[in-house]
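Data block below; observations after.
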Protein chains: 2
Amino acid sequence: MAVTIKDVAKKANVAPSTVSRVISDSPKISEKTKRKVRKVMEEMGYHINLNARVLVQQSSKTIGIVMKNSTSESLNSSFLPEVVQGISALCRKHDYSISLITGDSEDDIYKDAVQKVRGKRVDGMIILYSKEDDKVVPYLMESGIPFVVLGKPVAGFNKITFVDNDNIHAAREATEYLINLGHEKIAFIGDDSEYEVAKARFEGFNQAMISNGLAIHESYIKFFRFNPEYGKKATRELINLEDRPTAIVITDDLDALIVLSAIRDMDLRIPDDISIISFNNSVISRIASPPLTSVDIQIYELGYESARCLIEEIKEPSKVKKSVIIPTVIEERESCKPVNQTKYKHY
Amino acid sequence: MAVTIKDVAKKANVAPSTVSRVISDSPKISEKTKRKVRKVMEEMGYHINLNARVLVQQSSKTIGIVMKNSTSESLNSSFLPEVVQGISALCRKHDYSISLITGDSEDDIYKDAVQKVRGKRVDGMIILYSKEDDKVVPYLMESGIPFVVLGKPVAGFNKITFVDNDNIHAAREATEYLINLGHEKIAFIGDDSEYEVAKARFEGFNQAMISNGLAIHESYIKFFRFNPEYGKKATRELINLEDRPTAIVITDDLDALIVLSAIRDMDLRIPDDISIISFNNSVISRIASPPLTSVDIQIYELGYESARCLIEEIKEPSKVKKSVIIPTVIEERESCKPVNQTKYKHY
DNA sequence: TCCCTTAACGCAAACGGATTCATATAGTTG
DNA sequence: CAACTATATGAATCCGTTTGCGTTAAGGGA
């Protein structure tokens, strides 16, 4: 059996409570006693039993991270490791542990989450997604446990703390980046998934086009996700259009990669013949050829901020739920170019 | 305050011990009593307090997952989400929770790991990497806590339980796959990182070449990692060689992507002019153009098996530490072709 | 010297269950 | 009907910490 606070107390000729206070560095204990006790702790190789502390403090000092289940999503880039790094950076500062909630199906995840909350294994939760028909968030609301959603909640904005990019704004900015380069015929390639982020980015594209007085052709809009066949087909359709777009906004680097090679197969060059801006600024965008100009959503910061919000909320729950927007930044690389620049040169 | 086992006992007119036995479905309790107690639990909305159980059972029912810190590594594909899915699948079956051990630096990770072990917050650990100069594994050995390493341990094979692919064999197989296609001039592109897997794959390549009586030209061997500039340069050097290789073994899909576009820039075609086989079978290999033949290392299974080993070890620690090898499978796509096949057709 | 304040520390009760051992009840056997 | 055996239940104890409150002793003021 490991050495307990009592063993230390006995050996140091003090009461267990004194040892406890030494551990928490209470000002009520004299420096002399502290030194004595710490010496004994050292000698005996004492280490606090966190579980016992958890029990009496009624707080597990643990936050749960709820992963999205969908495999296709999880395949996407390095979202999980980066966001976890961000979360853990803050957790370490406040001595919180991280518990992963996951499962093969949405129902598994839901059950796991409920179990953790009811079993008091977590003090709060971070939900790594936001989507319709989700059971976890409603449960958490009703349970009263602090939680923050990473992404824009489907409903109940002021009742839910959330951290997100302004995806509408980001997509608008990306689109306007192209517009400022002189592009007017801009296509959009997104995904029509159930996740909020997909919708927001499409919305942002539309806003930018409209507020700049540009037409949105239906034939310029394509939806697919991580599907090379569809992707190539969609790209070909786009390129073969009589009035071919001069630039494309693509909501994910991976999809951009598909488009990229499809375009090259058609003997067009990027960015000379067509400009591309994509999202997420993953390794892919650095490695692609040419390297892709991509919107960095700052995943680490998303994680870090959501942890900050959560821990704040745990320490003093407030009725007003806030939201934090992490700015996105356009990482300029080599996939965009002013429209018709080469032509001008010839004049 | 939440309803406890005592509240339930009082309301049901039984002793707390009886309620406890009902929870664990002990055969010593009559069905009638069980029904009665369960009904009361239901009515009162009782849920077990896992923390209390943890304390008295002297087991946290939690396993720790130690991530690798290096950002460049974590950027790599979808290793983390997939391995976590595998681990969690088994954990759920045995009612284990997952605690993530991570940090911005190796030292942070080490400290976190020690804290978790000494504080008895975990019953065992899974280490997601294997590398030299690591402090975590030695500490775990000395602490006596059950753990399993994912990857081949640097030392102490029979003292450490580990789960791994046979990376030497996998690389040999990949190389022989090309050899069987008639290739003799085979290049190797790997990384010279500190991780064991990198060394093993290079070793496997060498073995295959040697045992098939093929020459290994120094100029056919290149090392880089996720670096487009180096990658392109290395590829150009390879292609511009007087006696150009007809096939390349590349130890990571991402690197293969770099090579792929460099080759296309030089107006060569894959697989017609040069065959490529890579590793990890990530989304990239499906999305690349052409889709890459890639060695699937079965990440989910790696996670699942390591969890199985760990939980076994927790339940009954044994002196003999075993190792489990997860088979790799070559996922055939369109980046490999028999050498000179087109030529033959012309005869 | 006596009283009062205050610093320093100890006591014991939680925290919410699991476990153990003793006891009670019902049923069986000779 | 006594003796005995299963089976079911109760009460006490423990797990390792924290914490509110009480105690002790030292020190200062009058």
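At whole-Å resolution of the value, CD in A/Q58 and C1' in C/dC15 are 6 Å apart. In this structure, the CG atom of A/N51 is 13 Å from the C1' atom of C/dG17, given to the nearest Å. The distance between atom CD1 of B/I5 and atom P of C/dT19, rounded to the nearest whole Å, is 11 Å. In this entry the distance linking NZ of A/K6 with P of C/dA12 reads 12 Å, nearest Å. For B/M44 and C/dG17, the CE to P distance is 11 Å, given to the nearest whole Å. At whole-Å resolution of the value, CG in A/D7 and P in D/dC14 are 15 Å apart. The CD-P distance, from A/Q57 to D/dG20, rounds to 12 Å in whole Å. Distance B/L55 CG to C/dA18 P: 11 Å, rounded to the nearest Å.
For B/T4, the listed nucleotide lying nearest its side chain is C/dG17; candidates were C/dG17, D/dC15, C/dC15.
Of the residues in residues 8-43 of chain B, those with a non-hydrogen atom less than 4.0 angstrom from any atom of DNA chain C are B/S17, B/S20, B/R21.
Counting heavy atoms of neighbouring residues, nucleotides and ligands inside a 6.0 Å radius, atom CD of B/E42 does not exceed 12 of them.
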Got a list of side-chain donor-acceptor pairs under 3.5 Å for residues 12-22 of chain B, not counting sequence neighbours?
none

When the side chains of residues 307-317 of chain B are checked against the rest of the protein, which donor-acceptor pairs come out under 3.5 Å, sequence neighbours left out?
residue : atom : partner : partner atom : Å
B/R308  : NE   : B/E305  : OE1          : 3.2
B/R308  : NE   : B/E305  : OE2          : 3.2
B/R308  : NH1  : B/E312  : OE2          : 3.3
B/R308  : NH2  : B/E305  : OE1          : 2.9
B/E312  : OE1  : B/K322  : NZ           : 2.5
B/E313  : OE2  : B/K321  : NZ           : 2.5
B/K315  : NZ   : B/H94   : ND1          : 3.2

Please list every donor-acceptor pair under 3.5 Å in which a side-chain atom of residues 135-155 of chain B meets a protein atom from a residue at least two apart or in another chain.
residue : atom : partner : partner atom : Å
B/K135  : NZ   : B/D107  : OD1          : 3.1
B/S143  : OG   : B/L140  : O            : 2.9
B/S143  : OG   : B/I145  : N            : 3.2

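Judged as a side chain to side chain contact (heavy atoms under 4.5 Å, CB included), and not counting sequence neighbours, B/N158 has no contacts. Every side chain to side chain contact (heavy atoms under 4.5 Å, CB included) that B/V54 has, sequence neighbours left out, goes to A/N51, A/R121, B/S60. With sequence neighbours left out, the side chain to side chain contact (heavy atoms under 4.5 Å, CB included) criterion links A/S24 to A/S26. Contacts of A/K131 classified as side chain to side chain contact (heavy atoms under 4.5 Å, CB included), with partners at least two apart in sequence or in another chain: A/E106, A/Y129, A/D134, A/E194, A/Y195.
Between the CZ atom in B/F79 and the NZ atom in B/K68 there is a gap of 5.0 Å [rounded to 0.5 Å].
Axis orientation changes by 60° from one end of the helix from C/dT1-D/dA30 to C/dG30-D/dC1 to the other, with each end axis drawn from 5 pairs and the value rounded to 10°.
Between B/R53 and C/dG17, a side-chain N or O to OP1/OP2 separation shorter than 4.0 Å is absent.
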